[in-house]
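We're numbering straight along the sequence, starting at 1. Quantities reported herein were computed from a predicted structural model and do not represent experimental measurements.
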Amino acid sequence: MSSIVVMRCTILTILAAAGLSLPCLAQEQQVNTRSVESAYAQLVSFEAQPEIAAANFTVDNDDPELSDLDISTAKLPYYREFGDEGRRWFIQATASYVNMEETIHLQLTPGLNERLDASWVGYGALVEGGMIFPLTENIDIATSVGAGVSRLESEMDFTTPAIEDALAPILDGVLYNWDTLASIVRASMALRYDKEFSSWRVKSSAHLSGSYVDSFEESDRFGGFTDKAGNLGLQLDVSHPTDVEIGDYPVFLIGHLGYTHLLGANRSELGFDSFGEAGVSFGVQKFTLGLLGILGSDVSGWSLQFNYDY
């Protein structure tokens, strides 16, 4: 059950105590606010992942009292390898931004409805270093460790001041209207394949990462969060030169297929736990730019593909 459902249930429970709300579903009553805290950690991890490009995700919601969840993320990546043939090492850095928005519709009593607009915004940076170990001429293993920090903020807007006033003593600064810093420590390993077949080039990878997220410097009433997260990613790129040239360099057409599966006990707290990607990009020298569609169970969207070390 997603954290948004838990948040709605918490609000309904408190309003019910004041005689203003319908009771939560029995299933929802069994979920505690730890689910919400786990979602914060998952959001920080999701924001920091260098493998997830700038993208927009729309999470479908079957609950008529909840709008579709909208998650947008933007990344500014940097990657550089050092060394020649054989064992090499690399550094990777990512500056990131994430915005998550949701609207909660509450029918408190007949004729009394309330709309709550919730949003979470995060800004972060992650730096990693690692080694590349060749297994064959076309296959290698890359391992890395890294650390970063993110600032996460939560806000909620009410349409009815009386409802906001009723909730504020208990939830303001606790469940919404808070801010915190969060540290993230990440380890990853990737199995990579890269080979040319005549004028075709095939690249593929299987990537596994795990993160530990811990908040600090929380605003006054916010309790903070600590959790683990991660993902498994699969990617296939096939490229071929076109007849178009820019300068003396041919323009390549690249087809992309990918799959990402979120890991950890909190993997479904954003409303989805996996998604696939498919699309095309154009490349010149080592620079590529393209657009991919995102599709998965309860999620859809698009992502912007940018690579300067293809």
Working note: F225 + V44, criterion side chain to side chain contact (heavy atoms under 4.5 Å, CB included); need CA distance, chi angles, decisive distance, verdict. CA-CA 11 Å; F225 53 87; V44 171; 4.3 Å; yes
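- Taking CD of E164 as the reference point, atom CG of L171 lies at 11.5 Å (rounded to 0.5 Å).
- Y79 has its ring centre less than 6.0 Å from the ring centre of F90.
- Salt bridge present: E153 and R151 bring a charged side-chain N and a carboxylate O closer than 4.0 Å.
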Are I141 and R192 close enough, and set up right, to give a side chain to side chain contact (heavy atoms under 4.5 Å, CB included), and what steps lead you there? CA-CA 6 Å; I141 290 180; R192 311 188 304 189; over 6 Å; no
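- Residue pairs meeting the ring pair (Phe, Tyr, Trp, His ring centres under 6.0 Å) criterion with at least one partner in residues 274-305, sequence neighbours excluded, are F57-F275.
- When every heavy atom of L270 is checked against every heavy atom of M100, the shortest pair comes out as CD2-SD, 4.0 Å.
- With rounding to the nearest 0.5 Å, the separation of OG in S281 from CG in L292 is 7.5 Å.
- Across every non-hydrogen atom of T143 and F133, the tightest pair is OG1-CE1, 3.8 Å.
- Across all their heavy atoms, L126 and A48 have their closest contact at CD2-O, 3.5 Å.
- Under a cut-off of 6.0 angstrom, the local environment of CD in E81 is crowded, with over 12 non-hydrogen atoms contributed by other residues, nucleotides or ligands.
- In this structure a side-chain-to-backbone donor-acceptor pair under 3.5 Å is present from T242 to V251.
- Looking at S239, its side chain never comes within 3.5 Å of a backbone N or O of F252 through a donor-acceptor pair.
- Looking at T226 and D214, their side chains do bring a donor and an acceptor atom within 3.5 Å of each other.
- Evaluation of the ring pair (Phe, Tyr, Trp, His ring centres under 6.0 Å) test over residues 180-208, restricted to residues two or more places apart or in two chains, returns W200-H240.
- Remark: D60 pairs with no residue by the salt bridge (Lys or Arg N to Asp or Glu O under 4.0 Å) rule, at least two apart or across chains.
- Cluster membership check: L175 shares its hydrophobic cluster with I170, using side-chain heavy-atom separations under 4.5 Å among Ile, Leu, Val, Met, Phe, Trp and Tyr.
- Between the OG atom of S144 and the CD1 atom of I132 there is a distance of 10.0 Å, given to the nearest 0.5 Å.
- Side-chain N/O atoms of Q49 and N231 include a donor and acceptor closer than 3.5 Å.
- A donor-acceptor contact closer than 3.5 angstrom is absent between the side chains of Q42 and S45.
- Using modelled atom types, no side-chain atom of T160 and backbone atom of I163 make a donor-acceptor pair closer than 3.5 Å.
- The distance from atom CD of E277 to atom NE2 of H256, rounded to the nearest 0.5 Å, is 10.0 Å.
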For residues 258-265, please give each side-chain donor-acceptor pair under 3.5 Å, one per line with the distance, not counting sequence neighbours.
unit_1: Y259; atom_1: OH; unit_2: H261; atom_2: ND1; d: 3.3

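- The list of salt bridge (charged side-chain N to carboxylate O under 4.0 Å, His left out) pairs with a residue in residues 123-139, not counting sequence neighbours, reads E128-R186.
- The backbone N or O of Y97 lies less than 3.5 Å from a partner atom in the side chain of T73, making a donor-acceptor pair.
- Atom OG of S154 sits about 9.5 Å away from atom CG of D179, to the nearest 0.5 Å.
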Step-by-step side chain to side chain contact (heavy atoms under 4.5 Å, CB included) determination, W178 to D172: CA-CA 8 Å; W178 50 261; D172 192 293; over 6 Å; no
Report the C-alpha distance between F222 and Y176 in whole Å, list the side-chain angles of each, state the deciding distance to 0.1 Å, and finish with yes or no for ring pair (Phe, Tyr, Trp, His ring centres under 6.0 Å). CA-CA 9 Å; F222 184 58; Y176 55 83; over 10 Å; no
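- At least one side-chain heavy atom of Q92 sits less than 4.5 Å from a side-chain heavy atom of P50.
- In this structure, D237 contributes its side chain and I254 its backbone to no donor-acceptor pair below 3.5 Å.
- If you chain together ILVMFWY residues whose side-chain heavy atoms come under 4.5 Å of each other, V174 ends up in a group of its own.
- Scanning for salt bridge (Lys or Arg N to Asp or Glu O under 4.0 Å) contacts around D194 gives R201, with sequence neighbours left out.
- V185 belongs to no hydrophobic cluster with other residues, because no ILVMFWY side-chain heavy atom falls under 4.5 Å from its own, directly or through intermediates.
- Under the side-chain hydrogen bond (donor to acceptor under 3.5 Å, both in side chains) criterion, R87 pairs with no residue, sequence neighbours left out.
- In this structure, the side-chain hydrogen bond (donor to acceptor under 3.5 Å, both in side chains) partners of R115, at least two apart in sequence or on a different chain, are D117.
- Residues F46 and Y123 do not share a hydrophobic cluster, defined by chaining ILVMFWY side chains whose heavy atoms lie under 4.5 Å apart.
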Show the numbers, then the answer: is there a side chain to side chain contact (heavy atoms under 4.5 Å, CB included) between V121 and V98? CA-CA 6 Å; V121 178; V98 66; over 6 Å; no
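- What you find for A74 and A54 is that their closest heavy atoms are CA-CB, 3.9 Å.
- Contacts classified as side-chain hydrogen bond (donor to acceptor under 3.5 Å, both in side chains) and involving residues 283-301 (residues at least two apart or in different chains) are given here: Y249-Q285.
- Of all heavy-atom pairs between V59 and G271, the closest is CG1-O, 3.6 Å.
- More than 12 heavy atoms of other residues, nucleotides or ligands sit less than 6.0 Å from atom CE of M131.
- From I71, atom CD1 reaches atom CD of E102 across 9.5 Å, with rounding to the nearest 0.5 Å.
- Under 3.5 Å, the side chains of Q235 and S204 contain no donor-acceptor pair of N or O atoms.
- Put simply, V202 and L191 are part of the same group of oily side chains (I, L, V, M, F, W, Y) that touch within less than 4.5 Å, one to the next.
- Using a 4.5 Å cut-off on side-chain heavy atoms (C-beta onward), V213 and S183 make no contact.
- Using a 4.5 Å heavy-atom threshold, the side chains of L291 and V280 count as separate.
- A search for side-chain hydrogen bond (donor to acceptor under 3.5 Å, both in side chains) contacts involving S274 returns nothing, not counting sequence neighbours.
- Between N56 and D70 there is a side-chain heavy-atom pair separated by less than 4.5 Å.
- Residues E218 and T180 come closest through the heavy atom pair CG-OG1, 3.3 Å.
- Summarising the local packing, NZ of K203 is surrounded by more than 12 heavy atoms from other residues, nucleotides or ligands at distances under 6.0 Å.
- In summary, the side chains of E47 and S96 do present a donor paired with an acceptor at a separation below 3.5 Å, with no hydrogens or angles considered.
- By the 4.5 Å heavy-atom criterion applied to side chains, F158 and L116 are counted as neighbours.
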